[in-house]
Amino acid sequence: MSASPAIGGTSAAADLPVSSSEPDGALRRTPLHALHQRLGARMTPFAGYEMPLQYPAGVLKEHLHARAAAGLFDVSHMGQIALSPRPGSTIDDVARALEAAIPTDALGLKIGRQRYGLLTADDGGILDDLMVARFDDRFVLVVNAANRAADAARLRATLPDTVEIEAPPRALLALQGPAAEAALGRLAPGVAAMRFMDVAELDLLGARCLVSRSGYTGEDGFEISTPEDRAEEIAEALLADEAVRPVGLGARDSLRLEAGLCLHGADIGPDVDPAEAGLVWSIPPVRRAGGAREGGFPGAEQVLRAIGQGPARLRVGLRPEGRQPVRTGAALFADEAGGEPIGVVTSGGFGPSVGAPVAMAYAPPDRAPPGARLFAEVRGQRVPVIIVPLPFVPARFKRG
Amino acid sequence: MKRFTEDHEWLALDGDVATVGITSFAAEQLGDLVFVELPKVGAALKKAEAAAVVESVKAASDVYAPVDGEVTEVNDAVVADPTVISADPEGAGWLYRLRLADPAAFESLMDEAAYAALAK
């Protein structure tokens, strides 16, 4: 065993730092820190925060519970950035400014709706993936924890002075799973009327909250932005429902992997363009070649060319044939022996709901069509893997 | 009488053959295991080299050989069902048996009290 047994050995290259003893300077704590301790969480440094990796139930049970009932996640480390018009400008001015930073349809986004989008680099790489929500007087972005400072700096450098950029401290909870609607409905009956990707400002226990019907698990559910000083009370009210149990970052990662969702810094990043990532769907036709507001975002030329040409490598799903997990960094080969690598695994592990190992990788589309049999190298052995469509578990969003 | 390593393995000696597993502390830290890879019977292990791998949902962890020796038997039951390790790490969840190259090496490992002081 390695000295701290939770640290991966040979092939782990774990997506999350799993050591709780590693000195990491001054870690920030979320408003739910005391609650995590009361719940017996094992904490881990993540993106500069001390976050719950798992609770006593453990990653496997937490994962399965979120798919069977409802899981409550503390995701307060994520960045929440509000963009509003300064006096003399309008919300449409903000929308136009946002479209110059992100290949999204901010002008066409209806009040009370949210979209998934990408912050593109000048060369077309993916600086971050994020949610863009439109309220009546502002847009609100939810960005990855590790990128929150860089994203805010880029927006400040990119957006005109007519846009007020604020990142007020807020907590963020995610409530995910088939029992989420009933559990949150006890605090705010209005959530039952929300559809997937709706957003609303709602009072929870008298606190003004921003609620979106979205998440990072493939399940129906909500993300709830609360004032920092009310987060614990709201979390405890949700946990009072016996269908709701706390879920840590470990299961958050296995849930999103099964759902085929990208982790920025692993599956997508500055060295990957949206076409390679299979995220062209996040760029509305109005911003693509031939659209009314074609291009006009960082890296537009490269991104639109990549969409037109088709990518040389593509993000694909993998199912190892045996029980052995194939993890981040494993090289892919066409044959059982010899040859050069044709691809690489970017996320991989065991899928508790699939009941088998699952992974995502990049490979040339002509070498890795669905059903193709390739080999992943794990500890010097080549393990057969089958290319499969993503996601590994069907999404259960409430679209109706 | 068991002996322990800093890498959270336990050994129990019978003649010159030691049964090796991971400690309750390690099993607790690792959580639910989903895959185990054991050495081959007959393999010659060198102390501190990777002898086995245990994997949880999130990570793979090496299990190092605690001393030099030759593998005489492996526990196929934990390969078939890795949760046996989580449930009974210092009993039914043993990993493999090793004929010690030097039986005196066993005595140089930590006793239970020394390990208990480490794993807390």
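All chains are named by letter (A, B, ...) in the order of the sequence lines, taking the proteins before the strands, and each is independently numbered beginning at 1. Every heavy atom of this structure was used, including side-chain atoms; hydrogens, water molecules and symmetry mates were not.
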Original post:
Non-hydrogen atoms of chain A under 4.5 Å away: do they reach the side chain of Ser56(B), the backbone, both or neither?
Top reply: backbone
Original post:
Which pair of heavy atoms, one from Arg42(A) and one from Glu28(B), lies closest together, and at what distance?
Top reply: NH2-O, 3.2 Å
Original post:
So, Arg323(A) side chain and Val36(B) main chain: donor-acceptor pair closer than 3.5 Å or not?
Top reply: no
**OP:** Look at atom CZ of Arg67(A) and say whether more than 12 heavy atoms of other residues, nucleotides or ligands are closer to it than 6.0 Å.
**Re:** yes
Subject >> Exceeds 12 heavy-atom contacts within 6.0 angstrom, atom CD of Gln381(A) >> reply: no
Subject >> Nearest non-hydrogen partners of Phe35(B) and Arg379(A), listed with the distance >> reply: CE2-NH2, 4.0 Å
Subject >> Atom CD of Glu321(A) with >12 non-hydrogen neighbours under 6.0 angstrom >> reply: yes
Subject >> Lys58(B) bridged to Glu62(A) by N-O distance under 4.0 Å >> reply: no
Original post:
Which atom names give the shortest non-hydrogen contact between Ala57(A) and Asp32(B), and what distance separates them?
Top reply: O-OD2, 4.4 Å
Original post:
Would one find more than 12 heavy atoms of other residues, nucleotides or ligands at under 6.0 Å from atom NZ of Lys2(B)?
Top reply: yes
**OP:** Decide if atom CZ of Arg99(B) counts as having more than 12 heavy atoms of other residues, nucleotides or ligands within a radius under 6.0 Å.
**Re:** no
